[in-house]
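This report concerns only the one structure given below.
Counting begins at 1 with the first residue of the sequence. What's counted below: heavy atoms across the whole structure, side chains too, no hydrogens, waters or symmetry copies.
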Amino acid sequence: MTSLQTLTKSFSGWVVFCCCCCLPLLLTSPLPPKGAGLASTAHHACRLRKINFQQPYIRNRTYTLAKMARVSDQDTDNRLIGQQLYVNVKENNHCYMMKRIVEIVVKDVLLTEAKDQYPYVEEVAQFLASLNSELSRCKSSGLRDHIEKNLEEMKSKMKQLGENGKTKAIGELDLLFDYTENACTDAPKKGWNKKKN
C-alpha cells in the first residue's frame, strides 16, 4: 500500500513537472527558418525516376526517330544539344536546363508540322511532355542569367538554320533523352558524356 501511494505521488509529480516545465519549453523552442528545407525540396522537384528512361519501347522510338531525322540533316557543323548548354550553369541547375530544352523542343519542333513528316513524333512528344509535367515544380536555384543566355543561343541557332533547325532538333532527340536522363536522375550512366559529346 505504501509503495502504491509513493508511486501515485511520483506519477502525479511527473505529470505536474511535464505540464509545467516541459510543455512550455516545447512550445517556446524556436522553429527552423522557413526556407531551411527549400533547397532539399527544390532538389527533389528536379528529379525523375530512372524507370522513366528504362522503358525499351519509348527509348527505341526516340532513338529511331532521331536516326531517321539525322539522314535529312544537312548541317553537320552545328549541334543544338551538347555540353555547350551547361557553360557557366551550376550542376544543380542542369535538370532545370534540360526541362526548359525539352519544353522548347516539344512546343517549337515536335508539335509543329514535324508530326506529319516522321513516325513516332506524337508518342515521343507525349513522353517528353510527361517528363516535363513531372518536373513542373523544378525551379532554378540562384541566378538564371547563364541559363537564359544558353537557351537563347540554342533557340537562335535553331532559328538561323531554318527548317533544318527543326530537323536537327529531331535528329538530336537521342541526345536530349540521354542528357535529360543524366541531369535529372540520381544515378547517371557512366561515360555518357564521352559517347554523346
Q: Identify whether the distance between the nearest side-chain nitrogen and carboxylate oxygen of Glu152 and Lys149 falls below 4.0 Å.
A: no
Q: Please name the pair of heavy atoms, one in Leu65 and one in Pro119, separated by the smallest distance, quoted to 0.1 Å.
A: CD1-O, 3.4 Å
Q: Over all heavy atoms of both residues, which pair between Ser140 and Asn93 is shortest? Give the atoms and the distance, please.
A: CA-OD1, 3.4 Å
(Q) Rounded at 0.5 Å granularity, tell me how far CD1 in Ile170 sits from OG1 in Thr62. (A) 12.0 Å
Q: Take Tyr118 and Thr64 through the test side-chain contact (heavy atoms from CB on, under 4.5 Å) and record every step on the way to the result.
A: CA-CA 10 Å; Tyr118 298 100; Thr64 301; over 6 Å; no
Q.
Please check this pair: side chain of Glu181 against backbone of Phe53, looking for a donor-acceptor N/O pair closer than 3.5 Å.
A. no
**Q.** Lys90, NZ atom: more than 12 neighbouring heavy atoms under 6.0 Å
**A.** no
Q: Give a yes or no answer on whether the side chain of Ser156 reaches the backbone of Glu153 with a donor-acceptor pair at less than 3.5 Å.
A: no
Q) Are the side chain of Glu172 and the backbone N or O of Leu80 linked by a donor-acceptor pair below 3.5 Å? A) yes
Q: Of all the heavy-atom pairs spanning Val87 and His146, show the shortest one and how long it is.
A: O-CB, 4.3 Å
Q | ILVMFWY cluster, Leu151 and Leu131 together (side-chain gap under 4.5 Å) | A | yes
Q: Could you grab the distance from atom NZ of Lys139 to atom CZ of Arg144, nearest 0.5 Å is fine?
A: 8.5 Å
Q: Mind checking the CG-CD1 spacing from Leu85 to Ile147? Nearest 0.5 Å is all I need.
A: 11.0 Å
(Q) Show me the pairs that pass salt bridge (charged side-chain N to carboxylate O under 4.0 Å, His left out) and involve residues 64-77, at least two apart or across chains. (A) Arg70-Asp174, Asp73-Lys168
Q.
So, taking the atom named OH in Tyr57 and the one named CZ in Phe127, what distance separates them when rounded to the nearest 0.5 Å?
A. 12.5 Å
(Q) Quick one: does any side-chain atom of Ser133 pair with a main-chain N or O of Ala129 as donor and acceptor, under 3.5 Å? (A) no
Q: Mind running side-chain contact (heavy atoms from CB on, under 4.5 Å) on Leu173 and Leu128 for me, showing each step along the way?
A: CA-CA 10 Å; Leu173 283 172; Leu128 293 172; 4.1 Å; yes
(Q) As an exercise, state the distance from CG of Leu48 to CG of Asp186, rounded to the nearest 0.5 Å. (A) 10.0 Å
Q | Distance, nearest 0.5 Å, that separates CD of Gln117 from CD of Glu163 | A | 6.0 Å
Tell me which donor-acceptor pairs under 3.5 Å the side chains of residues 94-112 have, and how far apart each pair is, sequence neighbours excluded?
unit_1 : atom_1 : unit_2 : atom_2 : d
His94  : NE2    : Val89  : O      : 3.2
Tyr96  : OH     : Arg100 : NH1    : 3.1
Lys99  : NZ     : Leu135 : O      : 3.4
Lys99  : NZ     : Cys138 : O      : 3.0
Arg100 : NH1    : Glu148 : OE2    : 2.7
Arg100 : NH2    : Glu148 : OE1    : 3.4
Thr112 : OG1    : Val109 : O      : 2.6

Q. With the 4.5 Å side-chain cut-off for hydrophobic clustering, are Leu161 and Met158 part of the same group?
A. no
Q) Does some side-chain heavy atom of Phe177 sit less than 4.5 Å from a side-chain heavy atom of Ile81? A) no
Q) Around atom CD of Gln54, are there more than 12 heavy atoms of other residues, nucleotides or ligands at under 6.0 Å? A) yes
